[in-house]
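Nothing here was measured: the structure is a model prediction, and the numbers come from that model. Within every chain, numbering begins at 1; the chains are lettered A, B, ... in the order of the sequence lines, protein sequences first and strands thereafter.
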Protein chains: 2
Amino acid sequence: MNSSKKYTPTESELEILQILWNKGEATVRDVHDELEKVKDTGYTTTLKMMQIMTEKGVVERDTTTRTHVYKPLFSRELAQKNFLKKMLNGLFKGSETRLAMGALDQKKPSEQEIKEIKDFLKQFEEQ
Amino acid sequence: MNSSKKYTPTESELEILQILWNKGEATVRDVHDELEKVKDTGYTTTLKMMQIMTEKGVVERDTTTRTHVYKPLFSRELAQKNFLKKMLNGLFKGSETRLAMGALDQKKPSEQEIKEIKDFLKQFEEQ
DNA sequence: CTTGCATTACGAAATATTTCGTATTACTTT
DNA sequence: AAAGTAATACGAAATATTTCGTAATGCAAG
């Protein structure tokens with residue numbers, strides 16, 4: 001059994017992270033103005049969300065100025081990698097060198113495995 | 001504003017879908033036995049989960065035999081595409097032809113956009 | 001300075017997800 | 001056919017996520 005729980009952003013957190021990733025850093029106002037274009041929730045909701053993300057250590061904030069400035073600590077790349085890993089986990093069902101148990105962290109995948117991963121990714125490439 | 005909400009599997013649903021995708025179809029017992037290797041929850045939890053997924057239309061089940069057999073209706077490819085889309089949404093921040101608003105569904109991305117997408121995907125390919 | 005405005009803080013309600021206990025039902029074994 | 005076993009049904013508790021109302025605070029304009 002395995003109970004290493006790695007952080008995955010929730011739906012809402014991901015939306016906020018997207019904006020932070022794009023802007024590099026932003027205030028709650030910045031983020032909320034963006035969010036509003038796509039989603040229809042109040043300002044304090046966004047604020048609270050970002051406060052929670054701060055607690056979780058997903059973002060950090062500079063509180064020296066009155067208007068706090070937030071930066072992502074969880075990178076876009078990591079989000080992608082984590083998702084990819086999650087998908088690959090399901091892929092290596094029978095394989096003895098089960099990536100499934102988090103091997104992707106510890107050992108290098110084999111040639112064969114790399115090939116499979118590439119095939120898996122190919123679909124995104126064709127047109 | 002936009003409020004078209006497309007289904008995204010929750011964390012737990014995804015775990016179950018992984019197994020169903022691999023097996024093609026499976027009973028609750030099958031799924032639970034797999035799940036147990038990785039997670040430590042009771043049988044009825046898995047059952048309930050799969051029942052809910054049935055209600056949501058994420059899976060379907062054959063109830064002709066006593067032991068129900070479940071099949072995924074939500075494909076691995078779609079899960080990937082949705083995630084990818086979500087990531088791309090954040091990528092086309094300023095672009096006039098904002099993929100952000102779900103354009104990926106409706107119109108073909110431009111040459112330029114395709115290039116950006118490919119670049120984005122490249123990181124997964126290098127070794 | 002004091003009024004108004006934008007911000008953060010915070011608690012708690014609303015909602016969604018995950019978990020499981022208990023009951024019921026069907027099949028199998030004795 | 002009775003007892004045991006394994007499955008589904010279902011309600012509801014536990015937990016996690018999302019939402020927002022209200023209050024407190026600081027800044028800026030009058």
Side-chain angles (χ1 to χ4, degrees), chain A residues 1-3 5-20 23 25-71 74 79 86, chain B residues 1-3 5-20 23 25-71 74 79 86:
Chain A
M1 228 263 306
N2 174 2
S3 30
K5 41 186 96 173
K6 37 188 160 299
Y7 165 75
T8 332
T10 67
E11 231 21 48
S12 288
E13 285 175 351
L14 191 55
E15 290 174 327
I16 290 173
L17 280 171
Q18 296 285 12
I19 295 167
L20 289 177
K23 296 189 181 296
E25 59 174 45
T27 65
V28 176
R29 174 62 51 197
D30 292 337
V31 170
H32 182 250
D33 286 352
E34 277 301 312
L35 224 44
E36 230 175 8
K37 295 177 187 168
V38 158
K39 201 184 187 182
D40 141 65
T41 53
Y43 176 85
T44 54
T45 302
T46 306
L47 170 66
K48 181 67 168 187
M49 217 62 218
M50 291 176 75
Q51 284 171 345
I52 289 171
M53 290 168 80
T54 305
E55 281 169 22
K56 287 192 185 175
V58 182
V59 300
E60 69 178 353
R61 63 177 171 180
D62 179 347
T63 59
T64 55
T65 51
R66 161 143 170 66
T67 307
H68 300 175
V69 178
Y70 290 75
K71 280 184 195 173
F74 182 78
K86 211 179 288 179
Chain B
M1 230 262 307
N2 174 3
S3 31
K5 40 187 96 173
K6 36 189 163 300
Y7 165 76
T8 331
T10 65
E11 234 17 52
S12 287
E13 286 176 352
L14 191 55
E15 289 174 327
I16 290 174
L17 279 171
Q18 297 284 12
I19 294 168
L20 288 177
K23 294 190 181 298
E25 58 175 45
T27 65
V28 175
R29 174 61 53 196
D30 292 337
V31 170
H32 183 249
D33 285 353
E34 277 301 312
L35 223 45
E36 231 175 9
K37 295 178 187 168
V38 157
K39 201 184 184 181
D40 138 68
T41 53
Y43 175 85
T44 54
T45 302
T46 306
L47 171 65
K48 181 67 170 187
M49 217 63 218
M50 291 175 75
Q51 286 171 343
I52 289 171
M53 289 168 79
T54 305
E55 283 169 21
K56 287 193 188 175
V58 182
V59 302
E60 69 178 355
R61 61 177 173 183
D62 180 347
T63 59
T64 55
T65 50
R66 160 140 170 70
T67 307
H68 300 175
V69 179
Y70 290 75
K71 280 183 195 174
F74 182 79
K86 213 178 287 178

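- In this structure, the CG atom of A:Leu47 is 7 Å from the P atom of C:dA9, given to the nearest Å.
- As judged by a 4.0 angstrom heavy-atom cut-off over every strand, A:Gln51 is placed among the base-contacting residues.
- Protein atom NZ of B:Lys48 is 16 Å distant from nucleotide atom P of C:dA23, rounded to whole Å.
- Here B:Thr10 lies in heavy-atom contact (under 4.0 Å) with sugar-phosphate atoms only.
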Atom pairs, N/O to N/O, protein against nucleotides 4-6 of chain C, distance under 3.5 Å?
unit_1	atom_1	unit_2	atom_2	d
C:dA6	N3	A:Arg66	NH2	2.7

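- Positionally, the nearest nucleotide of DNA chain C for A:Tyr43 lies more toward the 5' end than for the other of B:Glu13 and A:Tyr43.
- Across all strands shown, A:Thr45 has heavy atoms under 4.0 Å from base atoms, whether or not it also approaches the sugar-phosphate.
- Using a 4.0 Å cut-off on heavy atoms, the residues of residues 55-63 of chain A that approach DNA chain C are A:Arg61, listed by number.
- Partners of B:Thr44 under the side-chain contact (heavy atoms from CB on, under 4.5 Å) rule, at least two apart in sequence or in another chain, do not exist in this structure.
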May I have the list of side-chain donor-acceptor pairs in residues 53-61 of chain B shorter than 3.5 Å, sequence neighbours left out?
unit_1	atom_1	unit_2	atom_2	d
B:Thr54	OG1	B:Met50	O	2.7
B:Lys56	NZ	B:Glu13	OE2	2.7
B:Arg61	NH1	B:Tyr70	OH	3.1

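- With sequence neighbours excluded, the residues satisfying ring-ring contact (aromatic ring centres under 6.0 Å, His included) with B:His32 are B:Tyr43.
- Taking 4.0 Å as the cutoff to heavy atoms of chain B, we find the contact window on DNA chain D bounded by D:dA6 to D:dA12.
- Within 4.0 Å (heavy atoms only), B:Thr41 reaches sugar-phosphate atoms of the nucleic acid but no base atom.
- Ion pairing between B:Lys37 and B:Glu34 holds under the 4.0 Å rule for side-chain N and carboxylate O.
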